[in-house]
Peer 1: 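Supplied in structure tokens, the structure appears directly below.
Starting from 1, each residue takes its place in the sequence as its number.
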Amino acid sequence: MFTARLEVDYKAPLPAESTIVCSAKVESFEGRKLWLSASVADPQGETVYARSKSLFVIPRGDPGAGEGTGGGAAGGGGGASGGEARAEN
């Protein structure tokens with residue numbers, strides 16, 4: 001899988017030594033194209049430091065290619081799943 005497009009909007013400065021929550025969501029998975037959105041925020045969700053949108057493409061011939069859902073929100077296949085993924089550090 002490779003990155004075809006990555007757009008990041010920086011919303012606020014991130015103080016050093018901050019605790020943050022990174023969230024990612026599968027917006028759509030169609031054929032070989034996987035669209036994601038993500039954000040970086042404080043644990044309470046009051047301050048969003050950055051938001052992003054991205055498009056990933058699975059190369060032709062890859063075993064995971066073509067398993068996305070047709071249209072609509074988050075689909076399965078290729079290890080992608082709907083909903084949000086959260087990681088705290």
Peer 1: So does Ser39 get a backbone contact from the side chain of Arg51, meaning a donor-acceptor N/O pair under 3.5 Å?
Peer 2: no
Peer 1: Supply the atom-to-atom distance Leu34 CG to Glu27 CD, rounded to the nearest 0.5 angstrom.
Peer 2: 10.0 Å
Peer 1: Over all heavy atoms of both residues, which pair between Pro43 and Thr19 is shortest? Give the atoms and the distance, please.
Peer 2: CD-O, 3.3 Å
Peer 1: Are Phe29 and Trp35 in one and the same hydrophobic cluster, where Ile, Leu, Val, Met, Phe, Trp and Tyr link if side-chain heavy atoms are under 4.5 Å apart?
Peer 2: no
Peer 1: Could you tell me whether the side chain of Tyr49 reaches within less than 4.5 Å of the side chain of Cys22, counting heavy atoms only?
Peer 2: no
Peer 1: Can you tell me how far apart OG1 (Thr47) and CD1 (Ile20) are? Round to the nearest 0.5 Å.
Peer 2: 12.5 Å
Peer 1: Could you see if Met1 belongs to whatever hydrophobic cluster contains Val26? Use Ile, Leu, Val, Met, Phe, Trp, Tyr and a side-chain cutoff under 4.5 Å.
Peer 2: yes
